[in-house]
Amino acid sequence: MLTFKVTTVGASAGFILSKEAMAHLRVQKGDTVYLTEMPDGGYRLTPYNPDFARQMTLAEDIMHDDREILRALAK
């Protein structure tokens, strides 16, 4: 388990990710991470935007279901 201490960053609060944590999350300086609430009341820190992932899943479903229509529109 990794632990982090909340610190002051300008007029806000933040925490510093160690190199180990950055490698585990596969993020680099300047990347955005998302804190999402889990159904069990906990939280998850992830580099993946859950809203974007949901939108891409919907788009892939539409592209699969309506591929004949999309193929005709592409001509």
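When reading the values below, keep in mind they use all heavy atoms of this one structure, side chains included, and skip hydrogens, waters and symmetry mates. What you see is a predicted model, and the numbers here were worked out from it, not measured in a lab. All residue numbers in this chain count up from 1 along the given sequence.
- Under the 4.5 Å side-chain heavy-atom criterion for ILVMFWY residues, no single connected hydrophobic cluster contains both Tyr34 and Phe15.
- For Gln28, the CD atom is loosely surrounded, since the number of other residues' heavy atoms within 6.0 Å does not exceed 12.
- Taken from CD in Glu60 to CD in Gln55, the straight-line distance is 12.0 Å, to the nearest 0.5 Å.
- Residues Val27 and Leu45 are members of one and the same hydrophobic cluster, defined by side-chain heavy-atom contacts under 4.5 angstrom among Ile, Leu, Val, Met, Phe, Trp and Tyr.
- Considering all non-hydrogen atoms of both residues, Arg71 and Glu68 come closest at NH1-OE2, 3.0 Å.
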Show, in sequence, the C-alpha distance, side-chain angles and deciding distance for Thr46 and Val33, and conclude whether the side-chain contact (heavy atoms from CB on, under 4.5 Å) test is met. CA-CA 6 Å; Thr46 178; Val33 293; over 6 Å; no
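- Of all heavy-atom pairs spanning Phe4 and Ile16, the tightest one is CD2-O, 3.2 Å.
- Going from atom CG of Asp61 over to atom NE2 of His64 covers 9.0 Å, rounded to the nearest 0.5 Å.
- Val6 is not connected to Val9 by any chain of hydrophobic side-chain contacts under 4.5 Å among Ile, Leu, Val, Met, Phe, Trp and Tyr, and they are in different clusters.
- Separation of atoms CG (Leu2) and CD (Glu20) is listed at 5.0 Å; rounding is to 0.5 Å.
- Shortest non-hydrogen contact noted between Leu17 and Met22 is CB-CG, 3.7 Å.
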